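One structure below.
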There are 2 protein chains.
Amino acid sequence: MSIENKKSAKPDARSKLLEAALSVIRMKGYTATTVDDLCKAAGVTKGAFFHHFSSKENLAVAAADFWSETTGAFFENASFHSPEDPLDRVLAYLDFRKAILQGEMAEVTCLVGTMVQEVHDTSPVIRDACNRSITGHAGTLVADIAEAAELYGATLPGGAEGLALHTQAVIQGAFVLAKAGNDVRLAANSIDHLKRYVELLFGRT
Amino acid sequence: MSIENKKSAKPDARSKLLEAALSVIRMKGYTATTVDDLCKAAGVTKGAFFHHFSSKENLAVAAADFWSETTGAFFENASFHSPEDPLDRVLAYLDFRKAILQGEMAEVTCLVGTMVQEVHDTSPVIRDACNRSITGHAGTLVADIAEAAELYGATLPGGAEGLALHTQAVIQGAFVLAKAGNDVRLAANSIDHLKRYVELLFGRT
DNA sequence: GACGACGTACCGACCAGTTGGTATGTACTT
DNA sequence: AAGTACATACCAACTGGTCGGTACGTCGTC
């Protein structure tokens with residue numbers, strides 16, 4: 001305690017619940033995850049849960065936002081931003097997405113992609129939170145794609161945004177097939193094809 | 001009734017429940033769909049439900065198999081098989097997938113893709129049923145893709161199977177983004193990119 | 001009259017959310 | 001410096017309703 005900063009760095013009930021939500025919901029899905037499940041995983045009581053979140057739905061929205069933050073920081077600090085050539089950065093991003101396809105399914109797949117399929121017409125607030133997360137992450141790719149398009153003189157059908165969203169669709173779809181086949185590595189197939197597509201689009205051999 | 005054939009053509013409780021499962025589960029997801037929901041949608045009682053299906057999980061497996069049958073027949077009778085050129089058939093398939101992106105979200109999206117994300121590590125039997133459905137549908141594309149690869153002298157990274165599975169991954173991912181953005185037409189973006197990829201792979205302008 | 005195809009009524013377990021409380025800090029008053 | 005008032009963070013026990021599944025009765029057909 002002694003010298004404690006104003007925010008964060010303290011594993012309080014709220015952040016423990018959010019961490020728990022990421023792993024438990026990714027494993028069991030949103031609906032199948034009970035509030036008690038989350039409390040047990042976080043090591044807190046139900047009272048603490050409803051002190052910090054007004055409802056289970058409210059926690060899901062917070063979890064999606066938390067997911068955006070943590071993954072945002074993760075990708076921001078990753079190494080694929082270093083190449084000078086913007087196209088190389090895009091391809092390095094895809095290599096990175098492929099490289100992190102290791103470990104348990106729940107550690108690899110996407111929280112918001114899983115949730116939004118379940119709740120897309122039962123909970124608009126969760127759906128919107130998931131949409132913000134996906135489009136937000138896609139947005140981090142737009143600048144590099146647009147720069148590469150200009151540099152290589154490539155005309156993109158749906159613009160840089162369209163291609164950025166497509167990369168996310170492919171990755172989400174890769175997770176669906178990986179889950180169906182119960183093997184994380186199955187997702188690599190589609191990322192390989194996506195990389196090939198980008199190379200062909202921009203005229204790389 | 002009078003002259004009734006041995007199978008089908010009679011809207012009995014079992015098939016009404018399967019039909020109901022397709023629409024209700026696609027809307028609400030598997031876990032959020034209750035047995036009572038299905039009974040109400042099918043217009044039957046709970047007794048009828050458990051007469052035909054030993055459990056909710058058992059119904060989900062049957063629904064996934066039923067989904068394979070109905071979609072299998074739907075695509076088999078579709079018009080995209082007519083072109084002589086196998087590549088044209090593949091591209092016509094993609095055009096067809098794009099053309100049917102109309103109407104309500106639940107009428108457009110994929111039952112097994114939705115279910116498998118939810119239950120992939122809570123119900124192996126449902127997961128396997130979903131996997132059979134997806135890989136089975138992908139299998140119907142392999143022959144055309146392989147034929148096109150030979151005809152156009154294209155070498156496919158992961159073989160014809162790999163590309164066939166990739167098409168399904170893209171379509172599944174397109175549904176995820178469409179649900180997130182709450183607009184069926186958002187799925188068209190990725191199908192456009194996928195078609196472009198296939199054209200580039202096989203050397204079409 | 002036996003059997004398959006349902007319907008009705010019900011059960012125990014579980015689930016989201018509530019209630020009422022305790023412990024600790026903090027700001028304001030005197 | 002001490003006391004008062006209030007807010008925050010959390011806990012344990014409980015509640016009303018829901019869920020998957022069961023028990024058993026009934027109807028129609030062979």
Side-chain angles (χ1 to χ4, degrees), chain A residues 1-21 24-25 27-64 66 115 118-119 122-126, chain B residues 1-21 24-25 27-64 66 115 118-119 122-126:
Chain A
M1 298 289 169
S2 53
I3 308 173
E4 194 71 63
N5 285 19
K6 44 210 162 185
K7 284 193 86 174
S8 74
K10 51 176 174 180
D12 57 351
R14 183 186 157 87
S15 49
K16 279 194 289 185
L17 280 165
L18 287 174
E19 292 281 1
V24 179
I25 295 179
M27 273 195 352
K28 305 181 64 171
Y30 168 71
T31 311
T33 297
T34 68
V35 173
D36 286 320
D37 285 340
L38 295 170
C39 292
K40 192 186 291 183
V44 302
T45 62
K46 227 166 181 177
F49 184 99
F50 284 100
H51 173 71
H52 290 288
F53 306 102
S54 62
S55 66
K56 185 189 170 188
E57 189 180 36
N58 187 314
L59 165 115
V61 173
F66 183 60
M115 275 205 300
E118 259 191 272
V119 302
T122 48
S123 173
V125 287
I126 300 179
Chain B
M1 300 291 167
S2 52
I3 308 173
E4 195 70 65
N5 285 16
K6 42 209 162 185
K7 285 193 85 174
S8 74
K10 50 176 172 178
D12 57 352
R14 183 185 158 88
S15 49
K16 278 194 289 185
L17 280 166
L18 287 174
E19 292 281 0
V24 179
I25 295 179
M27 271 194 355
K28 306 181 62 170
Y30 168 70
T31 312
T33 297
T34 69
V35 173
D36 286 319
D37 284 339
L38 295 170
C39 292
K40 191 186 292 183
V44 302
T45 61
K46 229 166 179 177
F49 184 100
F50 285 100
H51 174 71
H52 290 289
F53 306 102
S54 61
S55 66
K56 186 188 170 188
E57 188 180 35
N58 186 315
L59 165 115
V61 173
F66 182 60
M115 274 207 297
E118 260 191 272
V119 303
T122 47
S123 173
V125 288
I126 299 179

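Lettering follows sequence order; numbering is per chain, from 1. Model, not experiment: these values are computed from the prediction.
- When all heavy atoms are compared, the tightest approach of Ala42(A) to Leu17(A) is CB-CD2, 3.7 Å.
- Annotation: the span from Leu38(B) atom CG to Lys46(B) atom NZ amounts to 11.0 Å, rounded to 0.5 Å.
- With rounding to whole Å, His52(A) atom NE2 is found 12 Å from dT8(D) atom P.
- When the side-chain nitrogen and oxygen atoms of His51(A) are compared with OP1 and OP2 of dA9(D), one or more of them lie within a distance under 4.0 Å.
- Phe66(A) places none of its side-chain heavy atoms less than 4.5 Å from the side chain of Leu59(A).
- Straight-line distance from the CZ atom of Arg14(B) to the P atom of dA5(C): 10 Å, rounded to whole Å.
- A donor-acceptor contact closer than 3.5 angstrom is absent between the side chains of Asp37(A) and Thr33(A).
- The minimum heavy-atom distance linking Phe49(A) with Cys39(A) is given by the pair CB-SG, 3.8 Å.
- Between Tyr30(B) and Glu57(B), the closest side-chain pair of non-hydrogen atoms falls below 4.5 Å.
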Summarise protein proximity over nucleotides 12-30 of chain D in one line of letters, 5' to 3': B for base, S for sugar-phosphate only, - for none, counting protein heavy atoms closer than 4.0 Å.
B------SBBB--------
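- Rounded to whole Å, the distance from CZ on Phe53(B) to C1' on dC6(C) is 14 Å.
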